[in-house]
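Step one of this worksheet: look at the structure below.
By convention in this document, chain letters (A, B, ...) are assigned in the order of the sequence lines, proteins followed by strands, and residues within each chain are numbered from 1. No experiment lies behind these values; they were computed from the predicted model shown.
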Amino acid sequence: MTDLGFSQAQPVQNSLLTETARTRKRNAAERRFRAFGIAAIMVGLLMLILLVTTIVSKGTGAFQQTFITVNVELLESKLDKKGNRNIEEIKKVTTFGYAPLLKTAMKDLVADLSIETSLKSKHLAALLSKSAVAELRAYVIANPDQIGKTVEFRFLAQSRVDGYLKGRVTRESVVNDKNISAEQLDLVDALVAVGTIEKTFNLDFILGSDASDQRPEAAGIGVSMAGSLFMMMVVLALALPIGVAASIYLEEFAPRNWLTDIIEVNIANLAAVPSIVFGILGLAVFINYMHLPMSAPLVGGLVLTLMTLPTIIISTRAALKAVPPSIRDAALGVGASKMQAVFHHVLPLAAPGILTGTIIGLAQALGETAPLLLIGMVGFIASNAPETIAEGLLSPNSAMPAQIYEWAKRADPAFYERAWGGIIILLVFLVTMNTIAVILRRRFERRW
Amino acid sequence: MNMMDKTMVTKTVKIAANNVNVHYADSHAIKDVSVGIEANAVTAFIGPSGCGKSTFLRCLNRMNDTIDVCRVTGEILLDEEDIYDRRVDPVQLRAKVGMVFQKPNPFPKSIYDNVAYGPRIHGLARNKAELDEIVENSLRRGAIWEEVKDRLDAPGTGLSGGQQQRLCIARAIATEPEVLLMDEPCSALDPIATAQVEELIDELRGNFTVVIVTHSMQQAARVSQKTAFFHLGNLVEYEATGQIFTNPQDPRTESYITGRIG
Amino acid sequence: MPTFWLIIILLALSVAGFLLGRHRALATADGDIRALHSLPSYYGVNVAMWAGVPSLALLASWLLLQPMLIETRVVKSIPESMFAETGSLNLLMSDVRRLAEGLDLAEERGLLSNDQINALDLESSNLRVELGTIGVALGSEILPEVLSAAQSYRGFSKTGHLAMVVACLGLAGAGFVYALLQTQKDLRARNLVERGAMALLVLAASLAILTTVGIVLSMLFETVNFFGLHAWSDFFFGTTWAPNFRGDSELSILPLLWGTLYISAIALLVAVPVGLFAAIYLSEYASPAVRTLAKPLLEILAGIPTIVYGLFALLTVGPMLLRFFGQGENGLLGLDWMSGATSVLTAGFVMGIMLIPFVSSLSDDIINAVPQTMRDGSLGLGATKSETIRQVVLPAALPGIVGAILLAASRAIGETMIVVMGAGAIAKFSGNPFESMTTITTRIVSQLTGDTDFASPETLVAFALGLSLFVLTLGLNVLALIIVRKYREQYD
C-alpha cells in the first residue's frame, strides 16, 4: 500500500488512448509482481528437476557392478585333505583356508595374460571383493564333487575397482588410499582391456541383502524390500478395515455431539503429529510394554498403521460424503435398514475413492523412516530374505528407507551410490502406487 | 434504428456501441447490439434473465476481460474513443467507468479504507487531508455519511445490506468516474434499502452517466430516463422510458412488460 | 495349547455357529424364508457373533493384561536388596524374562522337563552353558534370585495361560449355546447383528482417541520417570545439552529448541515466499493449461519421502554450500564460514524445498475461497490485478494463510530425517547459520537408537523431548485448525 502514496497525484487526463505516467508505473509493478509468481513456480520446478537429476545421475551406477572373471583351481589338498568328500569335513575349512586359492588364481590369471606387474599375489587378490572367499566356500560346499577341478568364477571386484571404472575413484584420489594403489589400477586397466574385468548389470543390488561396512560392492536392497513389503501387508490388513469402519461410523451414524467432535478434532490432529512421535509410541507400547520383538516388521507395520489411519479416514470420509443422499434415501425407501443402505449401496459407490486414499496412505507409509529408527529397524540387520510369512513378520529386518539411511551414514562413499540407487527403487514403487491411484481416480470418478 | 438516430441528435452520447458481439466459448451471448447511451441520464437495461444485459454492461468497462473464454467484437466508443483499442489500458478505463455489483461486496477493510481504496490506487489525493475530503464527499454523495461518520474505522462488512451497497456506490464515486455501471444493484436488498438506493441513483444523474441493469420493470420505470430491452442476446428496443412502458413498438417488449415472457 | 490354536478353535466355533444358526432358523420356519423375521444368514451371523466376538475380545485383553499382572506379582517375590545391586528393576525384569523364555525353549527342545526346571538350582547345574547350547545367550551369570523369579514367572504364566484357554473356550461355548437356543423364526436377528456391527464401528472410530491417549500416556509415564531421575528445572531452564554416562549429564531442552526453531525459521523463509507466490500465480494468473501442468508437478515435491530430502541435504546441498561458503582459499568464494556439510542452512534450505508445495497448495485453496465478487469490486474500480491481490485478496485470505504457515511450521518442527542427516549434532545457542546445530527430533533419534537403558535419564529424556514436541506441534495444529475453520466459515 505504501507505494501508492499521495505525492504522485496526477491530474486525470482525458484521453484513454494515452497511457498516463501513473498507469505506466502501475503496470510495471503489475509485471514485476507477475514475474515474482513465475519465478516462484520456476524455483519450485527447478528444485524438482535438480532433485530428480541428482537422484538419477548418482543412483543409476548402483545397478551396475564390476566383476572379475577368474579360474580357480579347487585344490583337494587345501579343501579336503582326506579326500573322502565328507561334507562335514569340508565345512570345517574356514574362509581363511580358501584365501590362498584366490591368490594363486589371480597370480595365474596375470601370468596367463602375460601382464607385467610387480604386485604380490596378496595385492592381486585384493582386487577381488572380500565376499569372494565366502562365495567360493559356499560354492564348494554346495558342489563338493567339483573339488580338484578348475572352475570359472565371476567374482565381485572390490569397491575401489568398481569406483575406478565408474569414475568415482581417480588416480589422484588413490594416493593416500590404503585399499588400492596406482599399480593395482594399472593392472585393472590391463584386465579391462582384455575383458577379464567388466561392468555389467547387477541384479544382486535389487534382490540381495545388506553387507558389512567393508563390502559396499556386495550390498543390496532386496531383503529390506521384503521388510517393507511385510510392513505394508500389516498396514493394509489393519488400516483399511479399521479406517473404513471408523469413517462409516463418523460419516453415516455418529450423532452430532461433543464426543464425535472430539474424535474429529483428534483425527485431524493425529494426521499432523510428527511421525517420530509415533515411533516413540511404538517403542513404549509395542516393544517395552507388550514385549513384541525389536526390529520386527510386525511392529513397524503397527506403528505405520497408526500413522496412516488418519489419512485413510480423511479420504474415506470424503469418498462417503461424495455419494449423494438420494442413494441412501432410495435404499431406505424400499425398506432397507440404515446399515444395509450403507453397506449395500454407499460403500460400493465410495470404493474407488477409498481405494485411492488407501494407496496414497500406503505410499506415504512406505517412504516413512523416522519411526522405524526408534523401533530398531535400522542397521545391518538381516542377511537373508525371510522364508515364511511368520518369519517375515517377526524376524528382525530393515525397510527400504531405513536401509537407505543406514547406507548414507556409512563412511565409504561407495555406499552413497547405493543409497541413491535405493532411492531410485523406492521412488519407482511410489510412482507406481501414485499412478495407480491417479488412474483409479480418473477411471472411476463420478460426477453426481 | 431511426428512433435511435433521433435521440442522438437531441442529447450528447457518452457511450456509443456499434455492432457489438460477445461470445462465451461456444455460445453467442450478445448479437450485433448497437446503442447510444446519453450523458447525465440514467439508462436502464431490462430483459428476462440470461438475455445478455449484464454481459453487455460488463463490456462497457471491459470487466469481461477477466473471463478467459469471453471474446468481444465490434466497437464501443467512450467519448469517441474505442475502449477496445489496443492502446487502451483497462485499468485507466475502469477509473473512468466505475461499476457497482449485484451483491454488495465491501472489502474486508474499514469503511474509510473501502472508500479511499480507489483514490489511493489512482493517486487522486496529494495528502491525507485531501483524501479525507474525497472520502467524506464520496460518502455524502453515496447518502451514507450520516450513518457512518462516527465509525469510519469499523469494518465495511459489518454494515447492513443496504448500507453496504451504498458504501460500494460511494466507493465507486470516489474515483471520480464519468460513467457508473450498476449491475442489479438492488437485487440483494430489502424494499426499504432499495428505495434508498433508487433515490440515490436519481441524485447521481446530475454528475454521472448511469447505466443500470435491472430485472425489475418498476425499478426501470422509476429511476431511468431511457430503457433498453434485451431478449436472447438481441437489443429489441431502445427508447425513452415512458415510451417503452406505455407504447412499446416491438411485440416482444410488450409481451415482457405485460408479463407473458421472462 | 498355543494361543494360535486357540484362535483357530474360536474362529472354527464361529463358523460352525453361523452354519448351525442359519440351519436352525430355517428349521423353525419349516424352510420358508418368508416366515423369518430376517434373512437366514443374519441368524447365522448372530450366533457366530456371540460365539466369536466376546471370546476373542477376552483373549486380546487377557494377552495384554497378563504380562503386567504377572510382572507385579513376580516383582513382589524379589527381595528389595536386589534392585540396588542390579541398578534397576527394568534390567532385572528383562533378565528374568529372558531366562524364563530360555527355559521355555529348553522345555520345548526336550532339554529339560517341566519338573526338572522347577527343581533347578544353580549349584548343581551350569544353566548358562546349557542354555547356550540351544542358542539362548544370557548376558551375565544367573543370580539365584533371578532363577527363582524366573521359575515363578513361568509358573504364573502357565497357570494364567491355562486359565485363559479355559475362560475363552467357556465364554465362546456359552455364547454359542445361548445364541443358538434363542434362534427361532421370530428372533430379530438383523437388529442384533446390526447392533453388533455398530459396536465394531464405534470401536474402530474410538481407536483414534485411543492412539492419542496411548501417545500421551506412554510419553507422560516415562517423562515422569525422567523427572524422578533428573531435575525438571535443568530440563526446562538449563542452558546446556551434554549427556554423558558418568551420571552428571546436563539435559536441557532449550539449546535443542533453539536449533529446531532456527532451522524451521530458515525453512519457512524459503517455503513461504516461494510457496505463496506460486499459489498466487497459479490461482490468479496461470492459464488452465499451465495450472494443470505446474500444480501436480509442484505437488510431486510433497510426495517425495523425507529420507530422499535428507540424502539430498547430506550429499548434495551440504557439499554445495560448503564449496561456496567454506574451504577458505579453495572454496568458490574464498570464504571460510562453513566447516562441514551439515549446518542450519543446509537443513533449513532443504526443508524449505520440502515445504514449498505444502504452503502453496494450502494457500491455493485459501485464495480460491476468497469470493470472486471481492476481486470484481476491486477490478471494477480500476485496480490492476496485482493491486487487487495485494490489497484485497491477500488481506481477505490472511487468516487462512497464517493458518497454513502455522501448519507448515508445525511440520518443520516435527521433521526428523532432514535434520538428522543435514543439521549436525552440536547443541548450542548460536546465530550463525553456517554452523552445525541439533534439534529436538535429532536428539530423540540419537537417545533412543542403539543400546538403550530405560533406567537412565539419558534415555528417558527422549520421552520428555517427545512430549514437548508433541505439545508444541499439537498447539500449533490446533491453533491453525481453529484459524482456518473460522476463516472458512466467514465465506461459506
*Heavy-atom pairs under 4.5 Å with chain C are the metric here; pick the option from A:Phe278, A:Phe343, A:Tyr405 that has the most.*
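Most pairs with chain C among the choices: A:Tyr405.
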*Which one, A:Lys338, A:Met42, A:Gln340, leads in non-hydrogen pairs under 4.5 Å with chain C?*
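Highest number of pairs under 4.5 Å: A:Gln340.
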Checking heavy atoms, do the side chain of [X], its backbone, both or neither come under 4.5 Å from chain A?
X: C:Ile353; result: side chain
X: C:Ala462; result: backbone
X: C:Ile280; result: side chain
X: C:Leu314; result: side chain
X: C:Leu481; result: side chain
X: C:Leu207; result: side chain
X: C:Phe221; result: neither
X: C:Ile389; result: side chain
X: C:Val193; result: neither
X: C:Thr384; result: both

Atom group of [X] that falls short of 4.5 Å from chain C, counting heavy atoms:
X: A:Leu426; value: side chain
X: A:Ile55; value: side chain
X: A:Thr54; value: side chain
X: A:Leu270; value: side chain
X: A:Leu309; value: side chain
X: A:Ile423; value: side chain
X: A:Leu48; value: both
X: A:Lys409; value: neither
X: A:Leu427; value: side chain

*Under 3.5 Å, is there a donor-acceptor pair between the side chain of A:Glu30 and the main chain of C:Ser386?*
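Yes, the answer is positive, given that a donor and an acceptor are paired below the 3.5 Å cut-off.
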What is the distance from atom [atom1] of [X] to atom [atom2] of [Y], rounded to the nearest 0.5 Å?
X: C:Lys385; Y: A:Arg31; atom1: NZ; atom2: CZ; result: 15.0 Å
X: C:Thr441; Y: A:Leu373; atom1: OG1; atom2: CG; result: 11.0 Å
X: C:Thr316; Y: A:Lys58; atom1: OG1; atom2: NZ; result: 4.0 Å
X: C:Glu299; Y: A:Asn434; atom1: CD; atom2: CG; result: 11.0 Å
X: A:Leu281; Y: C:Phe463; atom1: CG; atom2: CZ; result: 10.0 Å
X: A:Phe253; Y: C:Met198; atom1: CZ; atom2: CE; result: 4.5 Å

_Ring centre gap for A:Phe33 and C:Phe277 strictly below 6.0 Å_ =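 When the ring centroids of A:Phe33 and C:Phe277 are compared, they turn out to be within the sub-6.0 Å range.
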*Top residue by heavy-atom pair count (under 4.5 Å) with chain A, among C:Ile356, C:Val317, C:Val308?*
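The option with the most such pairs is C:Val308.
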*Top residue by heavy-atom pair count (under 4.5 Å) with chain A, among C:Pro273, C:Ala480, C:Gly310, C:Ala208?*
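Result: the option with the highest number of such pairs is C:Ala208.
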Hey, does [Y] have a side-chain heavy atom less than 4.5 Å from the side chain of [X]?
X: A:Ile280; Y: C:Phe470; answer: no
X: A:Met339; Y: C:Arg190; answer: no
X: A:Leu51; Y: C:Leu301; answer: yes
X: A:Ser337; Y: C:Glu194; answer: yes
X: A:Tyr249; Y: C:Leu203; answer: no
X: A:Pro274; Y: C:Glu415; answer: no
X: A:Val277; Y: C:Met219; answer: yes
X: C:Leu282; Y: A:Ile41; answer: yes

*Which atom pair, heavy atoms only, marks the closest approach of A:Ala370 to C:Thr416?*
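Answer, listing the atom of A:Ala370 first, then C:Thr416: CB-CB, 3.6 Å.
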*Can you name the nearest heavy-atom pair linking C:Tyr281 to A:Arg34, along with the distance?*
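Distance-wise, the nearest heavy atoms are CD1-O, 4.0 Å.
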*Before giving the answer on salt bridge (Lys or Arg N to Asp or Glu O under 4.0 Å), spell out for C:Glu387 and A:Arg26 the whole-Å C-alpha distance, their side-chain angles and the decisive distance to 0.1 Å.*
CA-CA 9 Å; C:Glu387 285 161 356; A:Arg26 287 170 61 197; 2.7 Å; yes
_Can you tell me if A:Phe36 has over 12 outside heavy atoms packed within less than 6.0 Å of its CZ?_
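Atom CZ in A:Phe36 is not packed in, count stays at 12 or less.
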